[in-house]
Structures are given as C-alpha cells and as structure tokens.
Amino acid sequence: MSNQGTGVHLDEALTTVERVPSTTDEKSLEKDEKSYYAASADVEAASDSVDDDTPDAVLNSERDIATHVISTDDDPSLNPWTFRAFFLGLGLSAFGGSLAEIYYFKPQTVLVSLMFLGIISYVLGVAMETFIPRHGLFRYLNPHPFNKKENAFIIIMASSAANSALATEILAVQRLYYNITPNAASSIFLLFSSQLLGYGIGGVLRPTLLYPSKMLYPLVLPLISMFDAFFHDGANNRRRLRVFYFVFGAIFIWELFPEWIFPLLTGFSIFCLALPNNAVASTLFGGTNGNEGLGLLSVCFDWQYISGGINPMTIPLKAQFSSFIGYLLCMVIFVAVFYNNIWESQSFPFLSQLLFYENGTLYNQTLIMNANYEVDPTLVAEQGLPYYAGTWVVYLLTTNLSLGATFTHLFLWNRDDLRSSWSWMAPSNLRRMWQEFSWKGVNWKFWKDDGIREQPKEGEDIDPHYAQMLKYPDVPNSWYYIVFAISFAVALVVNYKSNSTLPWWAFIISVLLAIIAVLFFGALYGITGYNLWLQNLVQMIAGYLNPGLPMANMYFVLYGYNTVTQATLLLRDLKIGQYAKLPPRASFTAQVIGTLLGAILNYFLMNSIIANERDILLSVEGTNIWSGQQPQQYNSQAIAWGGLSHQLFSVGMRYQWVPWAYLVGVAVPVPFWIIHRYWPKLRADYLYTPIICYFLGYLCVGINSSVMMYFIIAFVSQWWLRTRHPRWFQKYNYIIGAALDGGTQVMVFILSFAVQGAAGTAHLFPAWWGANQGGNYDRCLYLD
C-alpha cells in the first residue's frame with residue numbers, strides 16, 4: 001500500500017503509548033536524564049518494560065522493542081573499513097539508484113526495500129568471503145569473515161543512493177511539459193546540492209531525532225532483526241534464517257505470476273468480472289491499473305503493491321486503525337464528490353493528477369506562458385482557468401487538514417518535548433552561549449576533531465544502543481555544517497545558472513522553512529515510521545511568495561520539501577548504524593558517497609525512461625507497468641499554485657477551501673484531546689487525527705486493489721500474532737516481512753529490465769484471460 005508519503009502514530013497495542021509520549025509522563029526516571037541529550041528532553045520509556053526472562057510477554061514500550069526484537073550486543077573488533085565493503089557498497093548503490101528511478105515511473109509509488117539491499121549485500125559478502133583466498137595479496141580483499149558492520153556499511157551506502165531524487169522530477173517535468181533539456185553538468189550539480197542540503201540539517205539535530213529510544217524508526221526493525229538472524233550464532237537464529245530463505249524463495253517465484261504471467265492477481269474483483277462494461281463498477285471496484293478506481297473489495301496477491309512503501313507487518317495497529325478509518329471514509333467522500341458533480345467532477349476522469357479545460361480535455365499549459373516561463377494574464381484569459389479532477393481536490397484538502405492537525409496534535413500531546421527541543425533559543429540560553437563563546441575555542445582544524453563524547457554518569461538511564469556507540473569517535477557537528485554550507489552555495493549558483501526564475505531571497509526562505517519542518521516531521525517519522533506529505537504546504541507558500549512563476553514553484557519545493565525528506569532519511573540510516581553499532585564516521589562516509597553516486601544514476605536512467613516511454617508518461621492512466629503520475633502531479637501543482645494561486649485558491653475562488661483547510665485542521669485534534677482529558681475511558685487518544693485526515697484523500701492515485709489486503713495482513717500481524725503468539729511474533733514476524741520484501745524486489749528488478757521495458761522495448765506476456773493486455777487487468781471497463 002503506497003500511494004504517497006503518509007504519517008502515522010505508534011500503535012498503543014505495540015507500545016502502550018496512548019499518544020506520543022511526553023516527558024512529563026515519565027515520572028519514574030531520574031531527572032538528570034532529561035538533560036543528557038544535548039538538544040532533547042526525550043526520556044526512555046523504561047518503566048513497565050519486559051523482563052528478559054519473559055519470552056511470552058507482550059512488548060509494551062519502545063525500549064522493550066529496541067532491546068527484545070533486536071540485539072544490543074556489540075563487538076568493537078569488527079571492522080567495516082574493508083575493500084569488500086566499499087566494492088559491494090558502490091555496486092549496490094548503482095543498483096539501488098537505478099531501481100529507485102524505475103519505481104518513480106511506476107503507476108504506484110514503490111520504494112526500494114532496505115531488506116532487499118540487506119539480503120543482496122549479505123549474499124554477495126558471504127560469497128566474497130567464501131571464494132576469495134585469504135593469503136597473499138588476496139588477504140586485502142578478504143581480510144576476515146564478512147561481518148555485521150560491513151553489511152550495515154553497505155546498506156547505508158546503497159540506501160542513500162536508492163531514492164529517486166526530487167530534482168529528477170523537475171528535470172522530468174521540464175522535458176515532458178516544457179520541452180527543455182537542461183545540460184548534464186547543471187542537472188547533476190542540482191541533484192548533488194538538493195540531496196545533501198538536508199543532510200547538514202539532520203546531522204545537527206541528531207541528539208533530538210536520533211539518540212533516544214523513543215526515536216524507534218520502526219521501519220528499520222525488520223532489517224536489524226534480519227542482521228541478528230544472519231550474524232548471531234545459535235539454533236534459534238539458524239531456524240530463523242531457514243524460515244527467511246524459504247519465504248524469500250517462495251515469494252521470488254510467486255511474483256513472476258502477478259507481475260508478468262497472471263497480472264489479474266494484482267486485483268481479483270468479482271464485481272469487475274460480473275460487470276465488465278459498467279463504468280460505476282470500474283470506479284468503485286477497479287484498481288489493478290493506475291488511476292482506475294477505488295479497488296473496493298478487491299483481493300490483491302501481489303506483494304509489490306501490498307507492501308510497496310510500507311510493510312504492513314511493521315507498522316503498529318494503532319496507526320493502522322486510524323489509517324483504516326480514513327480509508328473507509330475516503331471511499332465515501334470520493335463517491336459523494338464525483339456523483340454529486342462537485343467542482344464539475346463528472347466532466348473529468350474519476351482519478352487524475354492532470355489539469356483540464358472545462359470541457360474535459362487536457363489543459364495546454366504552454367499556451368498561458370510567455371518565453372520566460374511566466375504566466376501571462378492575457379493568455380490565461382484566452383484559455384480559461386484549469387480544473388482539477390474532483391478527487392484530487394479532496395486529496396489537496398485532506399492533506400492540508402492533516403498538516404494543520406499535526407502541529408496541534410504535537411502541541412497538545414508533546415508540548416514539553418517541543419519546548420525542550422527548542423530550549424536553546426530561550427533568551428537566557430542564547431545569552432549564556434554568547435558569553436561563553438570564544439574565537440580561541442573554535443577548532444578550525446575540524447578534520448582533526450577526535451569526536452570523543454561525554455560518557456554517561458553512573459546509573460544514568462539512556463538508550464542501550466546509544467550507550468554502546470559512545471566508545472566510537474563521533475562525527476563532529478562541524479562536518480555537517482560544512483556539508484550544509486557547500487550544498488547551500490552550490491544550490492544558489494545552480495538556481496541562477498539554470499534559469500529557475502526563483503529569486504535568491506525565496507531560496508533562503510525555502511531553506512529556513514525546511515529547517516523548522518525537520519524538527520516536527522523528523523520526530524513524527526522517528527516515532528511512527530511515516531512522513532506526512534509536506535509538498536502541498538510548501539507549494540502553497542511558494543505560490544503566494546512568487547505568483548505567476550510555476551518554474552520557481554518547483555525549485556522552491558525542491559529545497560523546502562526535499563530537504564526535509566533527505567534529513568529524515570539521513571537520520572533513518574544513522575539509526576541503522578546505531579542499532580548495528582557501526583562507527584558514526586563510517587555511516588557518514590557511506591551516506592555521502594551513496595548519495596552522490598545515486599544522484600548521477602537517477603539522472604541517466606530518468607533520461608532513458610523518458611526517451612523510451614514518453615507517450616505513456618503523458619497519458620492520463622498509463623499502464624500497469626509505467627505511469628507519469630508523479631511528474632504529472634508535480635507539474636499540475638506547479639502550474640496551479642505557482643502560476644495561478646490567486647485565481648484558483650484565494651478567497652472566493654473555485655478551490656478556496658484548499659488553503660483554508662490548514663486552519664480547519666488546526667482545530668481537528670482539540671475535541672479529541674478534551675474528551676481524553678476529561679473522559680479518558682472513552683479512549684479518544686486511540687484516534688490519531690492527522691492520519692485520519694490524511695487518509696480521507698488517500699485513494700487519489702495509483703493501484704488501489706492492494707489496500708484491503710494491506711489492512712488484513714496488518715491486523716493479522718500486529719494484533720493476532722503479537723497478542724496471541726508473542727514469542728512467534730518476536731522471532732519471526734520481522735524476518736518474514738524482510739523476506740517478502742526482498743524476494744519481491746529482486747524479481748521486480750529482473751522483470752523491469754527483462755520484459756517490462758525499463759531500458760528498451762517491453763515484452764508483455766501473451767494475452768489470455770488472466771492477462772488482459774488490451775484494457776484493465778481486472779477486466780473492469782477501461783475509462784478513457
């Protein structure tokens with residue numbers, strides 16, 4: 001299930017946290033812990049934890065999960081700085097960067113799985129250990145058995161590369177809709193600066209967003225669980241490893257069927273088979289092709305789409321419960337909007353991210369812009385204002401609702417944490433820092449910084465994984481400041497050299513906005529594993545700051561939104577390093593190298609796919625294999641917000657409630673907080689309102705036939721297995737999730753190049769009943 005980035009909260013059933021825990025709740029801990037982390041008052045949920053001798057107990061806190069699902073042991077003698085680690089890291093960075101760009105052009109947003117990278121790196125590392133001799137010159141290639149820290153080093157490098165850089169979205173839009181092909185040098189420097197800018201910000205915020213146990217980063221738990229199975233001795237781990245190999249092999253073979261031979265398995269719908277020529281049935285029950293329908297009651301057997309961006313076996317039940325409520329309401333709202341013809345919805349496709357004329361034809365944006373890519377009011381008057389599909393307007397509204405609700409939710413439930421996170425800005429602290437500052441104390445030779453950190457006081461209760469990391473030299477903050485400064489300077493130069501139309505002052509505002517957002521949304525991601533989609537808010541701000549400049553809007557979003565994403569990804573990978581006890585400087589090196597290599601590969605593969613699949617990428621629905629839904633929405637948002645924000649979204653205009661939704665969203669959590677405060681037995685805290693709001697528009701894009709199966713599997717894993725079979729859950733839940741992701745993505749990568757046209761002509765499976773190559777695979781009516 002992966003249409004867009006989302007945001008959720010930790011499930012009470014997994015953590016017994018009735019809300020995001022506040023420091024004021026943790027009365028049982030020593031007060032001096034609150035000052036331990038330099039920028040945070042996050043306190044570890046040490047109370048009511050599971051004892052080591054209770055294997056059948058239900059895990060009750062973040063600390064329990066971090067110490068019982070994964071190992072806290074460390075062997076300082078393990079060396080990650082090997083030729084083998086760099087060789088495999090670079091190779092898999094190339095592999096992951098290419099795969100990420102392929103997934104960017106899929107009909108549903110799919111992410112490269114950390115498990116996939118972990119499996120491949122482990123297999124190849126063990127192969128090098130086995131087949132390369134350890135004597136003579138070969139001892140430098142194979143100095144010792146392949147170890148856990150080498151594997152972590154490889155994964156961090158590869159995962160840093162395995163993201164489709166948002167800058168490629170700008171470049172894709174310019175090629176598809178502006179007929180502009182920027183030169184390779186400026187394009188690559190644009191990628192470099194935009195990808196590394198967030199690293200500098202995220203690195204400085206490590207004490208708040210990385211070190212505490214509360215920052216669990218639940219999506220990396222299957223990976224670390226897999227590490228324990230790979231590298232820890234004992235019968236239990238060997239048994240887990242056998243289970244892993246069996247599930248990996250089974251799903252690898254199985255995915256050949258829904259992905260190529262039998263694509264009807266992507267979404268089996270009795271209603272589509274019974275009503276193949278009914279348009280209403282297609283919008284309600286169809287869902288195997290991009291932008292087909294809501295996928296109601298469809299049964300999906302394709303793990304790629306069930307677990308496209310979020311493995312249902314890893315996200316706690318409370319988060320899933322709120323998501324499920326939003327999902328059910330989403331279908332009701334979409335149907336009501338479309339069939340009541342709100343915003344003239346029936347004149348346009350049911351699901352679409354494009355802009356349309358009032359008569360339903362595609363809007364030609366080039367006809368309203370002058371030679372400088374500025375919107376010309378006279379040309380707009382001639383062409384008329386564009387329209388969105390009604391369901392896309394709902395998505396914009398609900399995304400804004402969720403963002404407004406997030407700030408209120410964090411303020412109501414976590415104001416003490418927020419206060420402590422920003423305590424350095426208090427006048428007294430600023431005054432003290434100024435008084436203590438001395439130019440003589442500045443270490444200008446930052447490369448010689450020993451990185452030795454203060455050791456915890458005796459009896460001090462800190463995260464057990466972080467405590468193990470204190471023996472290694474840390475990455476000085478100066479390194480992250482330098483990454484930020486260089487990226488900032490390069491970005492400013494590229495903005496002017498590439499004719500982005502973004503003024504320098506607007507660029508600075510976008511970066512300042514990102515710095516503020518990282519603290520809020522980085523905490524949300526660390527605690528829950530999800531991000532809310534911040535892009536709409538940033539586009540709205542850019543539209544009002546730079547009216548009539550759609551190109552500038554795209555660049556503002558690049559630095560105001562992508563920077564936040566990159567900061568959270570950096571922190572996620574650093575958490576992998578913390579769990580695996582990888583020295584921080586090894587993590588830093590791997591991240592920078594992987595990011596730069598991945599950006600280059602993103603650029604070249606994007607050019608290849610656009611050259612081979614241009615017509616499909618420009619179509620409304622695309623195919624089951626390729627889709628331009630991401631550049632389509634990015635472009636249409638830039639035109640609407642960047643070029644026509646006042647005409648479409650201001651007070652009295654057609655879509656005025658889209659920006660107003662932010663203010664409405666601010667009020668949404670208040671009634672639930674009041675109810676929980678005065679009537680706690682009603683359990684209003686179980687409903688995480690930002691997630692419910694976001695999911696009210698969740699089905700606006702992509703392949704929706706997988707959503708019902710996603711929630712079924714989540715319920716089986718996070719409720720039935722976790723509460724009824726806790727020992728089995730601890731041993732096998734995350735390792736099976738890892739195997740399912742890994743086997744699926746290996747097969748998807750092979751098929752993408754072998755038969756699906758990633759680098760040339762596609763070779764679809766011959767048409768038969770289970771492979772309807774002339775329409776929707778679930779045999780619902782194809783709506784042109």
Side-chain angles (χ1 to χ4, degrees), residues 4 177 283 291 330 332-369 374-404 533 535-550 552-554 556-557 620 629 632-665 693-694 696-701:
Q4 299 287 350
Y177 296 100
T283 58
N291 289 345
C330 175
V332 175
I333 294 171
F334 275 16
V335 170
V337 167
F338 186 77
Y339 288 104
N340 285 287
N341 203 31
I342 299 174
W343 299 302
E344 301 186 37
S345 297
Q346 294 186 27
S347 298
F348 319 114
F350 181 62
L351 301 177
S352 179
Q353 300 75 52
L354 293 168
L355 294 171
F356 298 91
Y357 289 104
E358 189 174 6
N359 62 7
T361 58
L362 291 177
Y363 197 80
N364 189 341
Q365 67 190 51
T366 60
L367 298 181
I368 64 170
M369 287 186 287
E374 300 170 342
V375 171
D376 188 324
T378 303
L379 297 176
V380 172
E382 294 175 359
Q383 296 296 315
L385 291 173
Y387 284 78
Y388 280 125
T391 52
W392 186 254
V393 179
V394 173
Y395 169 72
L396 297 178
L397 279 164
T398 57
T399 301
N400 294 352
L401 275 174
S402 68
L403 286 172
W533 208 44
Q535 181 176 325
N536 289 345
L537 174 62
V538 179
Q539 284 177 313
M540 182 187 75
I541 294 171
Y544 285 106
L545 285 176
N546 302 285
L549 299 174
N553 189 277
M554 291 193 291
F556 188 96
V557 172
V620 174
Q629 54 105 349
Q632 286 175 10
Q633 67 86 14
Y634 198 61
N635 175 67
S636 63
Q637 291 285 81
I639 294 295
W641 281 112
L644 303 167
S645 55
H646 290 282
Q647 297 93 322
L648 291 176
F649 299 106
S650 294
V651 176
M653 299 297 105
R654 184 187 304 145
Y655 302 129
Q656 63 174 327
W657 281 104
V658 171
W660 279 112
Y662 289 110
L663 295 180
V664 177
C693 290
Y694 180 85
L696 294 177
Y698 183 74
L699 301 174
C700 64
V701 63

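The heavy-atom pair separating Phe556 from Asn546 by the smallest distance is CD1-ND2, 4.5 Å. Residue Asn553 comes nearest to Gln539 through the heavy atom pair ND2-O, 3.1 Å, listed as atom of the first residue, atom of the second, then distance. Residues Ser345 and Gly390 share a closest heavy-atom pair of OG-CA, 3.3 Å. Val375 approaches Pro377 most closely through the heavy-atom pair O-CD, 3.6 Å. Heavy-atom minimum distance, Ala389 versus Pro349: CB-O, 3.5 Å. For Phe348 against Tyr387, the heavy-atom pair with the smallest separation is CZ-CB, 3.3 Å.
If you check the side chains of Gln353 and Asn291, you find a donor sitting under 3.5 Å from an acceptor.
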Item checked: side chain to side chain contact (heavy atoms under 4.5 Å, CB included) between His646 and Tyr544, intermediate numbers included -> CA-CA 8 Å; His646 290 282; Tyr544 285 106; 3.6 Å; yes

Next item on the list: Decide yes or no on side chain to side chain contact (heavy atoms under 4.5 Å, CB included) for Tyr395 and Tyr694, but give the supporting numbers first.
Entry: CA-CA 8 Å; Tyr395 169 72; Tyr694 180 85; 3.7 Å; yes

Next item on the list: Assess whether side chain to side chain contact (heavy atoms under 4.5 Å, CB included) is satisfied between Leu385 and Val380, documenting all intermediate values.
Entry: CA-CA 7 Å; Leu385 291 173; Val380 172; 3.8 Å; yes

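Note: Gln383 CD to Leu367 CG = 4.5 Å, rounded to the nearest 0.5 Å. Atoms OG and CD1, from Ser645 and Ile541 in turn, are 12.0 Å apart once rounded to the nearest 0.5 Å. With rounding to the nearest 0.5 angstrom, the CH2 atom of Trp392 is 12.0 Å from the CG atom of Leu397. Taking CG from Leu648 and CZ from Arg654, the interatomic distance works out to 6.0 Å, rounded to the nearest 0.5 Å. We find the OG1-CG distance between Thr391 and Leu396 to be 10.0 Å, quoted to the nearest 0.5 Å. The distance from atom OG1 of Thr283 to atom CZ of Phe350, rounded to the nearest 0.5 Å, is 5.0 Å.
At distances below 3.5 Å, not a single donor-acceptor pair connects side-chain atoms of Ser650 with backbone N or O atoms of Gln647. For Gln633 (side chain) and Leu354 (main-chain N/O), no donor-acceptor pair under 3.5 Å exists by modelled atom type. A distance-only check finds no donor-acceptor pair linking the side chain of Asn340 to the backbone of Ile342 [under 3.5 Å]. Formation of a donor-acceptor pair under 3.5 Å by the Ser636 side chain with backbone atoms of Gln632 is found in this model.
Checked against side-chain contact (heavy atoms from CB on, under 4.5 Å), Thr366 has the following partners two or more places apart in sequence or in another chain: Asn364. Here Gln365 pairs with Tyr177, Tyr178, Met369, Asn635, Ile639 under the side-chain contact (heavy atoms from CB on, under 4.5 Å) rule; sequence neighbours left out. Under the ring-ring contact (aromatic ring centres under 6.0 Å, His included) criterion, Tyr339 pairs with no residue at all, not counting sequence neighbours. For Tyr634, the ring-ring contact (aromatic ring centres under 6.0 Å, His included) test picks out no residue, with sequence neighbours left out. Residues satisfying the side chain to side chain donor-acceptor pair (under 3.5 Å) criterion with Glu358, sequence neighbours excluded, are absent altogether.
Outside the 6.0 Å centre-distance limit, the rings of Tyr363 and Phe356 are not counted as a close aromatic pair.
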Less than 3.5 Å apart, which donor and acceptor atoms pair up between the side chains of residues 655-665 and the rest of the protein, not counting sequence neighbours?
| unit_1 | atom_1 | unit_2 | atom_2 | d |
| --- | --- | --- | --- | --- |
| Tyr655 | OH | Tyr388 | N | 2.9 |
| Gln656 | OE1 | Gly652 | N | 3.0 |
| Tyr662 | OH | Asn400 | OD1 | 2.8 |
| Tyr662 | OH | Leu537 | N | 3.0 |

